[in-house]
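Notes follow the structure.
The shown structure was predicted, so the numbers you read here are calculated from the model rather than taken from an experiment. We name chains A, B, ... by the order of the sequence lines, and we start the count at 1 in each one.
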Number of protein chains: 2
Amino acid sequence: MSMNNNYELYKVFYWAAKTGSLTQAARALYLTQPSVSYAIKQLEDSFGITLFYRNSKGVSLTQEGAVLYSYIEQSQILISLAEEKMVALKNLDSGELRIGGSDSLFKHYLLPYLEDFHQQHPGIKLYLNHGTTPEIIAYLKEGTIDLGVVRMPIADPLLEVRESIQLQDCFVAGGRYAKLKDAVLSLDMLLQYPVILFSRNSRARMAITELFQSYGYLLKPEIEVGSVDLLIEFARKGLGISYVTREFVAKELEEGSLFEVQLDVELPPAHVGIMIMRNMPLSTAASKFMKLVE
Amino acid sequence: MSMNNNYELYKVFYWAAKTGSLTQAARALYLTQPSVSYAIKQLEDSFGITLFYRNSKGVSLTQEGAVLYSYIEQSQILISLAEEKMVALKNLDSGELRIGGSDSLFKHYLLPYLEDFHQQHPGIKLYLNHGTTPEIIAYLKEGTIDLGVVRMPIADPLLEVRESIQLQDCFVAGGRYAKLKDAVLSLDMLLQYPVILFSRNSRARMAITELFQSYGYLLKPEIEVGSVDLLIEFARKGLGISYVTREFVAKELEEGSLFEVQLDVELPPAHVGIMIMRNMPLSTAASKFMKLVE
DNA sequence: AGGAGCTATAGACTGTGTCTATGAACAATA
DNA sequence: TATTGTTCATAGACACAGTCTATAGCTCCT
């Protein structure tokens with residue numbers, strides 16, 4: 001009558017109808033037979049409708065019981081699927097991981113971790129979202145990505161930033177400037193050469209510009225490019241001296257197609273930070289990935 | 001972790017997700033906010049997964065919470081539909097009523113009740129199943145019909161029979177035998193005339209044959225037909241004297257197209273019984289119909 | 001007749017899901 | 001920067017709903 005049913009009763013009803021036996025339903029639900037009997041009675045009383053015929057070999061649905069079952073069966077199946085799905089999400093057999101960052105960080109820093117993670121959890125879909133630092137922060141705040149990988153420092157009260165590895169930016173040149181290989185340049189000497197920098201809105205660009213400024217110099221690039229690859233490529237071709245992250249040109253430095261230009265001042269180190277939303281729980285996949293990186 | 005959830009928790013989850021607020025969910029469920037908070041926490045703990053982001057203006061689903069919701073929403077909608085349907089069944093706004101009986105009983109006895117019932121409950125589908133008494137009993141036992149309307153007596157321990165109206169069978173003839181109108185015949189006198197009987201397996205036929213037998217006569221029909229309508233039609237056309245239920249030829253007797261042949265013995269009355277399965281609950285529609293007939 | 005199923009009922013107990021009261025965090029006012 | 005009104009979380013107390021065990025009644029089968 002009251003129609004304010006405990007949904008638990010439907011679970012009992014489902015198993016009673018499915019097995020055709022209150023005793024078997026009790027076994028399936030880890031209950032005793034009287035409990036099941038009681039639950040079914042409750043459900044019947046609440047509707048004012050008899051749902052089962054009771055006979056000596058079990059129970060069978062009445063006309064009305066069969067109607068109810070046609071709905072409840074679907075409903076219970078959905079719940080079972082939901083529970084399976086949640087286990088899968090928990091076990092990282094399924095789900096998604098959405099990361100924001102710059103192309104270069106993806107390629108030179110995150111790639112090995114991503115490969116590792118993907119191998120461990122092939123069921124997790126990876127979404128890599130690249131953009132500038134402000135864009136990444138915006139994505140994070142609107143929930144489009146789970147975490148962002150950017151250069152420090154980040155000072156946003158809504159964000160929690162975990163410092164990761166330290167990178168060292170430096171100036172590199174190719175064979176055309178081989179004479180500089182063993183020299184130690186001052187900043188103003190460097191400015192005699194064409195400099196290639198990353199585009200204006202990058203944090204590395206801002207950092208080095210400020211450094212020159214603090215010594216009273218104006219750093220004005222000859223060439224400005226939009227990707228680390230081009231930065232490397234142009235330096236190798238001898239178009240100028242590129243300001244890049246040393247770790248990102250490790251291969252080129254080793255094989256000798258690029259060499260580092262020594263300076264008489266120390267360049268500031270760059271820290272990579274992993275940003276997440278403060279006070280917001282991470283998805284299982286995201287927190288697992290964070291652990292992997294640490 | 002345990003995955004042995006009380007399904008009641010999903011109801012709470014559904015409303016929390018739907019309204020985006022634990023407080024509003026509590027209102028919808030007639031609970032207090034802490035109860036809802038507790039329920040959600042339980043669900044989250046059981047999965048080991050955070051389902052909601054909590055912020056100062058309510059809650060919103062996490063990635064995983066949204067996955068869960070996509071399943072649970074459907075499930076809850078189905079349950080709501082089921083509950084609505086049960087109310088409809090209870091109120092007889094929907095459902096079905098399946099009755100077994102002979103054509104003649106449907107037409108001459110049940111019809112007014114059926115019309116009445118259908119007018120009161122237009123949502124109930126009527127299924128009329130005609131057959132012989134043993135067939136009706138079989139239908140009843142296999143659950144194909146809710147109740148059967150047959151002639152008494154019925155002696156089956158599995159059946160419960162409620163006696164309804166009493167019918168009186170009699171012999172009727174048409175104009176060609178007008179000379180018998182005021183006569184009172186004995187059984188052997190009647191046997192001088194062609195007799196028209198209903199088919200062998202009918203209970204009325206069996207009853208009258210036995211009566212003749214008890215007086216030492218053999219009743220052998222000239223014509224044997226399969227419907228009451230034909231019984232009437234043949235008598236009117238003068239093909240013989242028909243044995244029919246008086247109540248079923250009331251119209252013909254009144255308009256004078258048939259008259260009753262008086263006998264010097266009393267013919268046994270026939271009782272109509274409504275059969276249902278003993279110890280089996282009736283559907284709401286069926287029990288309502290039973291009341292209507294009484 | 002006896003036994004082995006099934007479901008229903010009675011009575012006792014436990015623990016879960018309630019409640020109230022309060023705290024803490026945040027947002028939107030003044 | 002207080003003030004007020006939201007939100008959700010937590011603590012502690014309590015009642016009763018949903019369990020259990022034990023038993024009875026019924027039907028079917030050997």
Side-chain angles (χ1 to χ4, degrees), chain A residues 1-2 4-46 50-62 65 141 156-160 277-281, chain B residues 1-2 4-46 50-62 65 141 156-160 277-281:
Chain A
M1 227 23 152
S2 65
N4 204 359
N5 273 334
N6 189 315
Y7 282 18
E8 197 69 358
L9 297 180
Y10 293 121
K11 183 159 63 181
V12 180
F13 169 77
Y14 172 65
W15 283 98
K18 190 180 176 183
T19 61
S21 152
L22 303 194
T23 306
Q24 277 188 258
R27 259 195 282 278
L29 294 163
Y30 302 101
L31 290 176
T32 58
Q33 170 267 316
S35 299
V36 172
S37 195
Y38 175 72
I40 297 298
K41 192 173 164 46
Q42 262 200 317
L43 200 58
E44 289 183 326
D45 289 350
S46 79
T50 306
L51 299 170
F52 287 103
Y53 297 119
R54 278 78 163 170
N55 50 53
S56 66
K57 35 183 42 173
V59 295
S60 59
L61 289 166
T62 61
K141 287 183 179 172
D156 190 309
L158 287 176
L159 299 180
E160 185 181 328
M277 289 293 286
R278 184 181 300 281
N279 296 332
M280 285 261 180
Chain B
M1 225 25 152
S2 66
N4 204 0
N5 273 334
N6 190 317
Y7 281 18
E8 197 69 359
L9 297 180
Y10 293 121
K11 182 160 63 181
V12 180
F13 169 78
Y14 171 66
W15 282 98
K18 190 180 176 183
T19 61
S21 153
L22 303 196
T23 307
Q24 277 189 258
R27 258 194 282 280
L29 294 163
Y30 301 101
L31 290 175
T32 58
Q33 171 268 316
S35 299
V36 172
S37 195
Y38 174 73
I40 297 298
K41 192 173 163 48
Q42 262 201 318
L43 200 58
E44 288 182 328
D45 289 350
S46 79
T50 306
L51 300 171
F52 287 103
Y53 297 119
R54 276 82 162 167
N55 50 52
S56 65
K57 35 183 40 176
V59 295
S60 59
L61 288 166
T62 62
K141 287 183 179 171
D156 191 309
L158 287 177
L159 300 181
E160 185 181 327
M277 289 293 286
R278 183 182 301 281
N279 297 331
M280 286 261 179

*Residues in side-chain hydrogen bond (donor to acceptor under 3.5 Å, both in side chains) contact with A:Thr32, at least two apart in sequence or another chain*: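 By the side-chain hydrogen bond (donor to acceptor under 3.5 Å, both in side chains) rule, A:Thr32 matches A:Ser35.
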*Would you please name every residue forming a side-chain hydrogen bond (donor to acceptor under 3.5 Å, both in side chains) with A:Glu44, sequence neighbours left out?*
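By the side-chain hydrogen bond (donor to acceptor under 3.5 Å, both in side chains) rule, A:Glu44 matches A:Arg54.
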In whole Å, I'd like the distance from the [atom1] atom of [X] to the [atom2] atom of [N].
{"X": "B:Leu29", "N": "C:dC19", "atom1": "CG", "atom2": "C1'", "answer": "16 Å"}
{"X": "B:Tyr53", "N": "C:dC26", "atom1": "OH", "atom2": "C1'", "answer": "19 Å"}
{"X": "B:Ile40", "N": "C:dG17", "atom1": "CD1", "atom2": "P", "answer": "13 Å"}
{"X": "A:Tyr7", "N": "C:dT16", "atom1": "OH", "atom2": "P", "answer": "23 Å"}
{"X": "B:Lys41", "N": "C:dT16", "atom1": "NZ", "atom2": "P", "answer": "16 Å"}
{"X": "B:Arg27", "N": "D:dT6", "atom1": "CZ", "atom2": "C1'", "answer": "11 Å"}
{"X": "A:Leu51", "N": "C:dT7", "atom1": "CG", "atom2": "P", "answer": "15 Å"}
{"X": "A:Leu22", "N": "C:dT9", "atom1": "CG", "atom2": "C1'", "answer": "14 Å"}

*Quick one: is B:Ser21 getting a side-chain N or O under 4.0 Å of the D:dC8 phosphate, OP1 or OP2?*
yes
*asked:* Counting only side-chain nitrogens and oxygens, does A:Thr23 get under 4.0 Å of the OP1 or OP2 atom of C:dT7?
replied: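 Result: yes.
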*Find out whether B:Phe52 and B:Thr62 are in side-chain contact, i.e. whether some heavy atom of one side chain is under 4.5 Å from a heavy atom of the other.*
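Side-chain contact under 4.5 Å: no.
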By side chain to side chain contact (heavy atoms under 4.5 Å, CB included) - contacts of [X] (at least two apart):
{"X": "A:Thr19", "value": "A:Trp15, A:Ser21, A:Gln24, A:Ala25"}
{"X": "A:Lys41", "value": "A:Asp45"}
{"X": "A:Ala39", "value": "A:Leu9, A:Val12"}

Table of protein N/O atoms under 3.5 Å from nucleotides 28-30 of chain D N/O atoms:
none

*Who pairs with B:Tyr14 by ring pair (Phe, Tyr, Trp, His ring centres under 6.0 Å), at least two apart in sequence or on another chain?*
none
*Partner set under ring pair (Phe, Tyr, Trp, His ring centres under 6.0 Å) for A:Tyr38, not counting sequence neighbours*: none
For nucleotides 19-23 of chain D, which of its nitrogen or oxygen atoms have a protein nitrogen or oxygen under 3.5 Å away, and what is each distance?
| from | atom 1 | to | atom 2 | distance (Å) |
| --- | --- | --- | --- | --- |
| D:dC20 | OP2 | A:Thr32 | N | 2.9 |
| D:dC20 | OP2 | A:Thr32 | OG1 | 2.5 |
| D:dC20 | OP2 | A:Ser35 | OG | 2.6 |

_If you only use heavy atoms from C-beta on, which nucleotide in D:dT10, D:dC8, C:dA8 is closest to the side chain of B:Arg54?_
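Of the options given, the side chain of B:Arg54 lies nearest D:dC8.
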*Taking all non-hydrogen atoms of both residues into account, name the closest pair between B:Ala16 and B:Val59 and its distance.*
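Closest approach of B:Ala16 to B:Val59: O-CG2, 4.1 Å.
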*Of the non-hydrogen atoms in B:Glu8 and A:Tyr7, which two are nearest, and what is the gap between them?*
OE1-N, 2.6 Å
*Out of curiosity, A:Leu31 CG to A:Leu22 CG, how far, rounded to the nearest 0.5 Å?*
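The CG atom of A:Leu31 sits 11.5 Å away from the CG atom of A:Leu22.
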_Quick check on the helix from C:dA1-D:dT30 to C:dA30-D:dT1: what's the angle between its two end axes, five base pairs per end, to the nearest 10°?_
30°
